[in-house]
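Below: one structure, written as C-alpha cells.
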Amino acid sequence: MCPFMADIRTSLVDSLHAALAAAGVEAPDGFRMGLERPARREHGDWSSNAALATAKAAGRNPRELAAELAVWLGDNKPDDVAEVSVAGPGFVNFKLAPSCLHRVVADAVAAGVDRFGRQNLGQGRKVIVEFVSANPTGPVHAGHGRGAAYGDAVARLLQRCGYEVQREFYINDRGTQMGLYAASLAAARAGEQAPENGYNGQYIADWAAEMPQGADARHWGRQRALADQREVLGSMAVAFDTWSSEQALVDSGAIDDTLAALGEAGAAYEADGALWLRSSDYGDDKDRVLVKSDGEYTYLLPDIAYHRDKLGRAGAAGLLITVWGADHHGYVARMKAAMAALGCDPTALEVAVTQLVRLERDGEEVRLSKRTGDIIELREVIDEVGADAARFTYLLQSMDTAPTFDLAKAAAQVMENPVFYVQMAHARLCSIAARARAEGVARQSAGEVDLGVLSHERELEIMRRLSALDEVIAAAAEERAPHRVTAWLRDFAAAVHSFYHDCYVVGPRIAPELTQARLVLTDAARVGLAVGLGTLGVSAPESM
RNA sequence: GCCCACGUAGCUCAGGGGAUAGAGCACUUGCCUCCGGAGCAAGGGGUCGCAGGUUCGAAUCCUGCCGUGGGCGCCA
C-alpha cells in the first residue's frame, strides 16, 4: 500500500481532535471524526465534517467553528499538509503537498505487484471461503461462474489484506439428486430411458458412453463430474484448497455427532415421525426437518454438520464465508439458527448471497436450466469470451444486482468492453516502456529520478487515484465487494488513457528528465493496474 | 400472503449520511507532423420509483405503498 497515506489520515484525524479541543468543543457521544476524499477537486485532498458534526451540541455556528479550526490547523499544520481551508456549510478541507503524490509513485515502484496495496487488516485471521459447491451431477453452468469469480476474488482480496484464506468446495455427493444422476448414467449406458426426474442433458449421453462396463455409476459419475468441474474452473484460474465431501461426513459420524449436539442443546424434537430443528427459537420463520419420517436426512442436516466441521477447522477466531446464489437465500436463516443452537458465535458465519445472472447473446436471452438439458455451461462462456473477460464481466456489478451478461459484448475486442479497456491501458503502458528501450533511453534507477517534474494534470490524476488503491482494496475486502475494485480499475484506466494521449513519454520534444520521471510514473501505474486486476483474478497482459 | 435483493441519464450501471449526484454506451461537436485514433476532449440529457419521517444535512437511514427478480417442500 502506500503506508504513509494511512499515516497522513491518522495524523489529520489527530490534528482535528486537537483543534476541536483547542476551540473548547467537546465531541458529542458517538461522534466519529469524518474524514473523506471529497468528490470535487477544488475541495482539496481530504475533507472533514468535524465542525458540522459538533457545532450543534456545542451551541456554535458550524461555519464559524470550521473557520476557527482551520486557523488553528493552519498554525499547527500536520505533516504533508499544504493548505487548510473552509468551504460550504462548514467543511474543513486539506490540500496535501505535491510531494505526497510523488511518494506514492516511488512506493508503488518499490513495492511492485506483489506488495503494493498489501495490508494487514486480517492479522492472519483464518477464513474459509466456500463457493461454487455445484452438485457432482453434471458440468458447472454459467450461473456458477459468477459465484466462482466472486468467491475467488473475495479470497484474493482477503489474502491481500492479511487474512489466511482457504478456498473450499462442498460436494453434495449423496442424496436424491446423486441417486437420480447415477441412475440416469446407468440407463443411458444401457440404452434405456432416463428415470423420472432424471438427468437428460447431452453430457449424460457423452459420459455414459465413456463409462466402462461394470463401473459403479454413482462413484464413476461423481469422479467424472468433479473432474469436469475442476477442469473448467481451473481454466478460469479458480482453484480450491479443499474439496469437502458430504458422504465423508456421513462416514465419519460427523452427522450423528451433530444430531447429538443439537439434541443436547435442546434444539431438536420429534413430531409426525420426523426429527425437527427448533430453528424458530433462533430467528427462523419456522422449524425445519432434520430427519425425514422415512429415516433419510434432509439436505439441511448434512449442511449443518458441514458448517460445524468447517467452524472447527477455522478455529475459535476463524471466519466462515459461504457464497450462495439468490435461489438459496431462504436457507440463510435456518443455517444461522442451527449455528446459534450449537452455541456458535453468530458473526463467525457470513453468508454472501449473489443475485442471479441473466445471460444473453446479442441481446437475446439464453436460459440457464440444468434440468432441461438446455444448459449453458460455464465452459461455453469461457470458450466464447475468454477467462479474463468472463471473470471481469461477472464482477462488473455489485452482487446485490441481477445483471445481464451479454456474451457477444463481453467477447468483443473493443474499448467499449470494460475488460478490454482496462487491459489495454496496461498494454499501452508496457508499450511505452518497450518504446523507450527501442529508442535506447538509458533508464535511471527510480531513486535517482526527480519526480518533482510530474505536475501535469494528467499525471496528478493518475497519482491521486493510485494513492486511493489501498483504501479501495481494504473496502472491497471488508465489504466482500470486489466490484469496488472493478469500478476503480475503470476509472484508473481512463486516467491512464488520458495521460497516454496528452503526455508523451519518449520523443524528440520531451526533456530527458521528464522522460525519466514519466517512465517511473508509467511503471507505478502499471503496478496499480496489475494489482487491481490481480485481486479480481484477471491477467494484466503486456500486449493485446 | 410472507421473506430477501433491487428500482439513479434514452440504455447498462457506480455512489449507499455531506458541498454543484457520476462513468460507459447512444447523440452533437472538435482533435491524427511524436509512445497503439482499438484513443482523447467538450456539450446536451436527471422530480435518484412514489409518499411520509429522522437529521444541521437524505439518492443514501426508518415506515408505508407501487414495480421487477428470486425464494417460501419431510426436494437438493
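Chain letters run A, B, ... following the sequence lines, proteins first and then strands; every chain starts at 1.
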Distance in angstrom units between [X] [atom1] and [N] [atom2], rounded:
| X | N | atom1 | atom2 | value |
| --- | --- | --- | --- | --- |
| A/F499 | B/rA41 | CZ | P | 14 Å |
| A/Q397 | B/rG16 | CD | P | 16 Å |
| A/E36 | B/rG15 | CD | C1' | 12 Å |
| A/M178 | B/rC75 | CE | C1' | 16 Å |
| A/K286 | B/rC74 | NZ | C1' | 12 Å |
| A/L356 | B/rU68 | CG | C1' | 14 Å |

Nucleotide nearest [X] (side chain, heavy atoms from C-beta), chosen from [options]:
| X | options | value |
| --- | --- | --- |
| A/P38 | B/rA19, B/rG18, B/rC40 | B/rA19 |
| A/H501 | B/rA14, B/rC75, B/rC31 | B/rC31 |
| A/R40 | B/rU55, B/rC35, B/rU20 | B/rU20 |
| A/Q355 | B/rC34, B/rC40, B/rG69 | B/rG69 |
| A/D272 | B/rC35, B/rC74, B/rA19 | B/rC74 |
| A/L52 | B/rG18, B/rC35, B/rA19 | B/rG18 |
| A/D400 | B/rA14, B/rG18, B/rA5 | B/rA5 |
| A/S293 | B/rC74, B/rU33, B/rG16 | B/rC74 |
| A/A487 | B/rA41, B/rA19, B/rA14 | B/rA14 |
| A/P508 | B/rC34, B/rA14, B/rC35 | B/rC34 |

One pair to check against side chain to side chain contact (heavy atoms under 4.5 Å, CB included): A/V381 and A/H141. What are the steps and the verdict? CA-CA 9 Å; A/V381 174; A/H141 57 65; over 6 Å; no

Ignoring hydrogens and angles, answer whether the base of [N] and the side-chain atoms of [X] contain a donor-acceptor pair closer than 3.5 Å.
| X | N | result |
| --- | --- | --- |
| A/H329 | B/rG71 | no |
| A/D327 | B/rG71 | no |
| A/N49 | B/rA19 | no |

Starting at the 5' end of RNA chain B and moving along, which residue's nearest nucleotide shows up first, A/G507 or A/A326?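 The residue closer to the strand's 5' end, by nearest nucleotide, is A/G507.
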
When the nearest nucleotide of RNA chain B is assigned to A/Y299 and to A/P62 on a heavy-atom basis, which residue is associated with the more 5' position?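 Going by which nucleotide is closer to the 5' end, it is A/P62.
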
Is [X] stacked on the base of [N] when the test is centres under 5.5 angstrom and planes under 30 degrees?
| X | N | result |
| --- | --- | --- |
| A/Y504 | B/rC35 | yes |
| A/F91 | B/rA19 | yes |
| A/H43 | B/rA19 | yes |

Reckon [X] touches a base, only the sugar-phosphate, or nothing at all at heavy-atom distances under 4.0 Å?
| X | value |
| --- | --- |
| A/Q423 | nothing |
| A/T522 | nothing |
| A/C503 | base |
| A/V414 | nothing |
| A/E296 | nothing |

Taking a pair as Watson-Crick (N1 to N3 plus N6-O4 or O6-N4) or G-U wobble (N1-O2 and O6-N3), both under 3.5 Å, which stems of 3 or more consecutive pairs involve RNA chain B?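 Stem segments, range with range: B:1-7 with B:66-72, B:10-13 with B:22-25, B:27-31 with B:39-43, B:49-53 with B:61-65.
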
Closest heavy-atom pair and its distance - [X], [Y]:
| X | Y | value |
| --- | --- | --- |
| A/E270 | A/L275 | CG-CD1, 3.6 Å |
| A/A23 | A/L65 | CB-CD1, 4.1 Å |
| A/R361 | A/L407 | NH2-CD1, 3.5 Å |

Measuring from A/L521:CG to A/D523:CG, what's the distance to the nearest 0.5 Å?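 Spacing of CG (A/L521) from CG (A/D523) equals 9.0 Å.
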
For A/Y150 and A/Y394, run ring-ring contact (aromatic ring centres under 6.0 Å, His included): C-alpha distance rounded to whole Å, both residues' side-chain angles, the deciding distance at 0.1 Å, then the answer. CA-CA 8 Å; A/Y150 175 73; A/Y394 278 126; over 10 Å; no

Using the [atom1] atom on both, measure [N] against [M] and round to a whole Å.
| N | M | atom1 | answer |
| --- | --- | --- | --- |
| B/rG45 | B/rU54 | P | 35 Å |
| B/rG16 | B/rC56 | P | 23 Å |
| B/rC75 | B/rG69 | C1' | 22 Å |
| B/rG17 | B/rA58 | C1' | 7 Å |

Please tabulate, one pair per line, each protein N/O and nucleotide N/O from nucleotides 23-25 of chain B that are separated by under 3.5 Å, including the distance.
none

Classify the side-chain pair A/T258/A/R308 by whether it contains a donor and acceptor separated by less than 3.5 Å.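 There is such a pair (donor and acceptor under 3.5 Å, judged by atom type) between the side chains of A/T258 and A/R308.
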
So, A/Y306 versus A/E168: side-chain donor-acceptor pair below 3.5 Å or not?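 The answer is yes; a qualifying pair exists.
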
Chi angles and distances behind the side chain to side chain contact (heavy atoms under 4.5 Å, CB included) call for A/K95, A/S85: CA-CA 8 Å; A/K95 201 167 177 185; A/S85 58; over 6 Å; no

Quick check on [N]: is either OP1 or OP2 less than 4.0 Å from any side-chain nitrogen or oxygen of [X]?
| X | N | answer |
| --- | --- | --- |
| A/T486 | B/rC13 | no |
| A/K292 | B/rG73 | no |
| A/R428 | B/rG37 | yes |
| A/R484 | B/rG16 | yes |
| A/R334 | B/rC72 | no |
| A/H483 | B/rG15 | yes |
| A/S498 | B/rA41 | yes |

Parallel under 30°, tilted from 30 to 60°, perpendicular over 60°: which one fits the rings of A/F492 and A/W488?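 Taking A/W488 first and then A/F492, their aromatic rings lie parallel (interplane angle under 30°).
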
Using the rule side chain to side chain contact (heavy atoms under 4.5 Å, CB included), only one of A/R63, A/E64, A/E68 pairs with A/V86; which is it?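 Going through the options one by one, the only one that passes is A/R63.
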
By the rule that syn is within 90° of 0, classify the base conformation of B/rC32 as syn or anti.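 B/rC32: syn.
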
Let's go through A/Q423 and A/D388 carefully: what are the C-alpha distance in whole Å and the side-chain angles of both, what is the deciding distance for side-chain hydrogen bond (donor to acceptor under 3.5 Å, both in side chains) to 0.1 Å, and is it a yes or a no? CA-CA 10 Å; A/Q423 289 189 319; A/D388 281 345; 3.0 Å; yes

